[in-house]
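Here's the structure, in C-alpha cells; my notes come after.
Residues take their numbers from the sequence shown, with the count starting at 1.
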Amino acid sequence: MAEYEACILGLRLAIDMNVQELLVMGGSDLLVHQFLGQWATKNTKILPHLHCVQELIKRFTKIEFKHVSIVQNEFTDALATLSSMIQHPDKNFIDPVPIGIHKQPAYCAHVEE
C-alpha cells in the first residue's frame, strides 16, 4: 500500500506541475502490471488505490511504468519515503489520499433483507 500511496502522491504532484510525459519507476513488478491493467487484483483493500492510480494515469499524454530491479530497490524505498514528505509548490503539504477501508466487501452491505 505504501508504494500505491507514494505513486498517487507523485502522480498528483506531477499533474499539479503540468507534467505531460512521465516515467514512473516502481520496485514491485506486481504493482507495475496492475497499474497498466495487465494483472488484476481481488484484494478489496487495494482496489481503491488501484482505481485512483488508473484515473490519474489518464491525465498524462504519455506515461511509462518501469520495474526497478532488487539491486536498485533501496533507492526506490528512499524515493517512496521522500515522496510522502515533498511540499506542494504552493508550500502546503500534499493532502493524504482519502480511501475508506471496510471490514467486508461493499456488496455485503446491500444484503439486509
Side-chain angles (χ1 to χ4, degrees):
M1 281 211 197
E3 280 196 49
Y4 270 101
E5 290 177 6
C7 183
I8 290 167
L9 291 173
L11 291 174
R12 286 184 174 169
L13 183 61
I15 290 167
D16 289 347
M17 295 172 64
N18 294 317
V19 172
Q20 298 297 310
E21 297 182 7
L22 186 64
L23 169 61
V24 180
M25 298 171 62
S28 168
D29 196 36
L30 173 66
L31 294 185
V32 169
H33 286 286
Q34 287 176 346
F35 292 159
L36 297 173
Q38 296 169 340
W39 294 353
T41 181
K42 294 180 182 178
N43 185 332
T44 56
K45 292 181 180 180
I46 291 190
L47 283 175
H49 289 81
L50 178 59
H51 292 230
C52 183
V53 169
Q54 290 172 336
E55 286 300 311
L56 292 171
I57 288 172
K58 296 175 184 177
R59 308 270 303 268
F60 296 91
T61 57
K62 181 181 179 185
I63 188 165
E64 181 181 343
F65 288 87
K66 182 178 180 183
H67 175 249
V68 179
S69 69
I70 192 73
V71 174
Q72 298 169 321
N73 210 16
E74 288 179 14
F75 183 66
T76 305
D77 289 340
L79 286 176
T81 301
L82 288 173
S83 71
S84 67
M85 301 180 331
I86 292 175
Q87 287 188 346
H88 193 274
D90 68 2
K91 304 297 181 205
N92 292 325
F93 285 103
I94 299 172
D95 293 329
V97 179
I99 294 179
I101 297 176
H102 301 279
K103 294 183 180 187
Q104 59 187 5
Y107 61 82
C108 294
H110 295 290
V111 181
E112 294 182 9
E113 296 179 1

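Counting only residues at least two apart or in different chains, ring-ring contact (aromatic ring centres under 6.0 Å, His included) contacts with residues 15-38 comprise Y4-F35, H33-W39, F35-F65. The list of salt bridge (charged side-chain N to carboxylate O under 4.0 Å, His left out) pairs with a residue in residues 17-28, not counting sequence neighbours, is empty.
Across A40 and Q34, no two heavy atoms sit closer than the pair O-NE2, 4.0 Å. A pairwise comparison of heavy atoms in I8 and H49 identifies CD1-O, 3.9 Å as the closest pair. Shortest non-hydrogen contact noted between V24 and I63 is CG2-CD1, 4.0 Å.
Hydrophobic clustering (side-chain heavy atoms under 4.5 Å, transitive across Ile, Leu, Val, Met, Phe, Trp, Tyr) keeps L50 apart from L30. Cluster membership check: V19 shares its hydrophobic cluster with L56, using side-chain heavy-atom separations under 4.5 Å among Ile, Leu, Val, Met, Phe, Trp and Tyr.
K66 pairs by the salt bridge (Lys or Arg N to Asp or Glu O under 4.0 Å) definition with nothing, not counting sequence neighbours. Applying the salt bridge (Lys or Arg N to Asp or Glu O under 4.0 Å) test to E55 and every residue at least two apart in sequence or in another chain returns K58. In this view, H51 and L47 satisfy the side chain to side chain contact (heavy atoms under 4.5 Å, CB included) rule, not counting sequence neighbours. In this view, Q54 satisfies the side-chain hydrogen bond (donor to acceptor under 3.5 Å, both in side chains) rule with no residue, not counting sequence neighbours.
Side-chain contact between L22 and L11 is present, with at least one heavy-atom pair separated by less than 4.5 Å.
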